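Because the structure is a prediction, the values reported are computed rather than measured. The sequence lines fix the lettering, A, B, ..., with proteins before strands; numbering per chain opens at 1.
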There are 2 protein chains.
Amino acid sequence: MRQKPATIKEIAKKLSISISTVSRALHDHPSIGLITRQKVKRMAEEMHYEPNQTAILFQKGKTYTIGVILPELSEAFFSSAISAIEDVANKRNYNVLLAQSHDDQEKEKQLVEKMKNHRVDGLLVSVAKTTASFEHFDMLKRYNIPVVFFDRVPPLKDIHYVACNMETGSIEAVNFLLKKGHRTIGMINGPGTLAASGQRKEGYIKAMLKNRLKFDPSLIVSCDLTEEGTIQALNGLLENKRKPTAIVTFNDYVSLYAIRHARKLGIDLNTELEFVSYANLPIINFMDHSPIASVEQFPYIQGQRAADILFDLLNSNNDEEQTAFYKITIESQLVMSPVKTQAAG
Amino acid sequence: MRQKPATIKEIAKKLSISISTVSRALHDHPSIGLITRQKVKRMAEEMHYEPNQTAILFQKGKTYTIGVILPELSEAFFSSAISAIEDVANKRNYNVLLAQSHDDQEKEKQLVEKMKNHRVDGLLVSVAKTTASFEHFDMLKRYNIPVVFFDRVPPLKDIHYVACNMETGSIEAVNFLLKKGHRTIGMINGPGTLAASGQRKEGYIKAMLKNRLKFDPSLIVSCDLTEEGTIQALNGLLENKRKPTAIVTFNDYVSLYAIRHARKLGIDLNTELEFVSYANLPIINFMDHSPIASVEQFPYIQGQRAADILFDLLNSNNDEEQTAFYKITIESQLVMSPVKTQAAG
DNA sequence: AATCCTTACACAAACGTTTGCCCGATTTTC
DNA sequence: GAAAATCGGGCAAACGTTTGTGTAAGGATT
C-alpha cells in the first residue's frame, strides 16, 4: 500500500487543466479565477496532495535549512542555545541541521565543508576551543552563505556575531563582593588564549580601580579549567601574601573544583572564603556548597539573537558585498544563588 | 564576487562533451574511458565543482536525511543519544533533522507532520511523556517512512524499537545492596504510568524472592519525580514499621533530593542509609554525597543501535509490507560511583 | 465596428542530476 | 572478411515545481 504522494501534475490531469494553473491556484495567484482556484484546492485536498519539498527547494535554489555547528551538545549552555535556535527556525518554517565539532578544529572544518555541500542557506557557529585558523569560514563568503557566530567568536573583523560581554558581569561580581565587605578578592581565571579570560580580568581590574582599590596582579591566577589545574591555582592563591577572603572563578566547574578542594583543606566556606563564578549552570543547584552568586550568560537569548540576525541576513538582498556587520553584545548579569538550607554534615 | 558553484553542465561545455559523460565519469562508470574520466575529474577540480545536493536529492527522490524527535535536548540522556545518532548518520553521509517535542503531544504531532513534509527518509523517535495516542505515527507507514523508537517506546505491537531493560539493573541494584548486608531495602519509584516504573519494581521483587526474602509492598513508594514528592516519599519510608537501611531511587535526581532531605534530617549517610539509583548522570559527580551506585542505561548505545536499525531498514528492500520488527532491549547495568574523598564538612 | 484592456488560463523553460537507450567505431570471433 | 561483441560516449527523458511569456475570450472604450 505504498502510496506516493500526489503531485500537481496529477491534479492537473484529473481536472484537465494545466500544471501551471494548479500551481498558481494553490498559491492564490490573482490571475486564477475563483472557481478554478476552489476546484483545484478541493481536488488537492481529496488527493492528499503534499508539496514535494525537495522539488521546491531544488527549484528555488534554497534549502530552507540553516546549519548549526557547536562544540558540544551535552554542555548545558549549548543545549539551551540550540533550543532557542530551533524555536526561531521553526517559527520561520526553516529546518535546523545540527552538528558538533567536539571542540576539534579538524572536525569543525569538515563540518563547514559538509554544510556547504548541503547548501544550507546560512550558518550559525560557535567555534571549537582548539580552532586557531579560520580560513574554512572564508570559503562560505564566496558561496554567499551568511554566517553568524555566537558565544565563542573568532577574533576577526568582518563577521557577524552575538556574544556575551563578560566585563559587566565581572564588574558586578567584584562589586558584589566588595559590598559584602571583602577587600582581598582573588580570581581563578581561564587560559589566556580565550577571549573571555581577558574580559573577565578587565572587569575585575575596572571594578577595583573604580572603588579606589589598588589592583594586585598576584591575586589573579589562571588555570586550564581542569580539576588539577584548579587545585593548583587555588593553592597558589592561598599561599599568597595577601590571602583572599573571596574568589571569582572562571566558571561553575572551576568553582566546584575549588570549593571541593577548599573543604578538603578544612576551610570554612561560610566565614573564611566565598566564591562567585560564571555560567549559572544547573549543577550549582546540586552542590551542597555552591558559589554564592554566578554570572548568567543567557544562552537562550544568545541563540535567539544569533538566529534572528541570520534570518535578517537571509531576507535582506545580499547581492551586494556585505559591508555592515552585526556585532551584538549581550550584557551578562550577576545572579544570586538560590538560598539553600545547608546540609548538616 | 558571488560565484555560484560550477555544474556538470559547465564542465561538459568546457570539455565539449556531453553532460551524461561528465556525470558518469565522476562516478567512475565503467563505460567511460580512462582518459576522458581523468580529463573530467581534473576539470571538475579546477572549476571547484561541487555536486548540488538538492538536485541530487530531488532526482533520487530521497533526502538523505533522517529525522529525530525527542522530548528534551537538555536532558543529559538525550543529548548523549543524539550524539550517537549523529555519529552514525555522519558515517553514512546522512543528515540529521532534529526537533524537540518538549514532552508535549501536540507539538510532537506537528513535528511528525513536518518531518513527513520534509520527506525525511526515516525517523527516530523517543515519545513525549504526555503522548497517549499514536495515530500520528501510523500515517508514516503509508508514506513508507520507517520509524524506530528508542528509550521511550509506545505500547504498540508492530513497531521497531530499542529500549533499555530496567529489570536487570534493578535486580543488580538490589543484589548489590543485599550483598552489602542490607535486609530492609526501600524503593522510591516513579509514577505508575511510566513503563519503567513497572520494570524497576519487577526487578526489585524478583531479586528479593530469588534471595528467599519475602517482599514487603510497604517498602515501595512512588513519587512524581519532583523534589517535594521525593521528600514525601522518603518521609513515608522512614516512618515505615520496618525502616529501610538502603533505598533504591527511580533516578539520580530523586536520589539527590532524597539525600539532601536525609542530611537535613541528620541521618548519617555513611552508616544509617545508603542510596542506589538509575541513570548514572554526570551530576552525581558533583554531589558531596552521591548514591553509591547507579544503573547505567547507555544512552549512547541506545541511540547508536536505533540509528543502525533505521539504516538497515532504509537499505533493505522495503517494498513489501513489513512483517518482522526489530525489538531490541539493552541490558542496563549497575555502575559503582567513583570513590570520592568525602568533604570534611 | 475596430481598438484596447482585462481576465483567465496554457505553454514551456528552467533548476542540476541520473540513467535507460541508442549509435558509431573498434575489436574480437569463427 | 563478414557478423558479432565490446567499447566509449551522446541523446533525451525524468524528477516536481515555479514563473515569464503567450494568447484566447470577453468586455469596455472610442
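- The 5' end of DNA chain D is approached more closely, in terms of each residue's nearest nucleotide, by P30(B) than by the other of A55(A) and P30(B).
- Ring-plane geometry between H160(A) and F325(A) is classed as tilted, the angle between the planes lying from 30 to 60 degrees on a 0 to 90 degree scale.
- For the pair Q100(B) (side chain) and I69(B) (backbone), a donor-acceptor distance under 3.5 Å is absent.
- Whole-Å rounding puts the I32(A) CD1 to dT6(C) P distance at 18 Å.
- Protein atom NE2 of H29(B) is 13 Å distant from nucleotide atom P of dC21(C), rounded to whole Å.
- As rounded to whole Å, 8 Å separates atom P of dG16(C) from atom CD of E10(B).
- Atom CD in E50(A) sits about 19 Å away from atom P in dC15(D), given to the nearest Å.
- The side chain of T7(B) lies closest to dG16(C), out of dG9(D), dG16(D), dG16(C).
- Atom NE2 in H27(B) sits roughly 17 Å away from atom C1' in dG9(D) (whole-Å rounding).
- Distances shorter than 4.0 Å separate none of the side-chain N or O atoms of K9(A) from OP1 or OP2 on dA14(D).
- If you measure from atom CG of L57(B) to atom P of dG16(C), you get 14 Å, rounded to the nearest angstrom.
- Across all strands, G61(A) comes closer than 4.0 Å to no nucleic acid atom at all (heavy-atom distances).
- Residues I66(B) and V120(B) fail the side-chain proximity criterion, which asks for heavy atoms closer than 4.5 Å.
- Considering only heavy atoms from C-beta on, V96(A) stays 4.5 Å or farther from L97(B) through its side chain.
- The nearest heavy atom of DNA chain D to S18(B) and to F58(B) marks one nucleotide each, and the one closer to the 5' end goes with S18(B).
- Computed from coordinates, the Y64(A) OH to dT18(D) C1' distance equals 11 Å when rounded to whole Å.
- Evaluation of the ring-ring contact (aromatic ring centres under 6.0 Å, His included) rule for F149(A) yields F137(A) as partners, not counting sequence neighbours.
- Heavy atoms of T36(A) sit under 4.0 angstrom from primed sugar atoms or phosphate atoms, though from no base atom.
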Are D121(A) and T65(A) close enough, and set up right, to give a side-chain contact (heavy atoms from CB on, under 4.5 Å), and what steps lead you there? CA-CA 6 Å; D121(A) 291 345; T65(A) 299; 5.8 Å; no
Quick tally for nucleotides 19-28 of chain D: nucleotides whose base has a protein heavy atom under 4.0 Å get B, sugar-phosphate-only ones S, the rest -, giving BBB-------
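- Remark: the D151(B) side chain and the Y161(B) side chain contain no N/O donor-acceptor pair separated by less than 3.5 Å.
- When rounded to the nearest whole Å, the span between CD1 of I8(A) and P of dA10(C) equals 12 Å.
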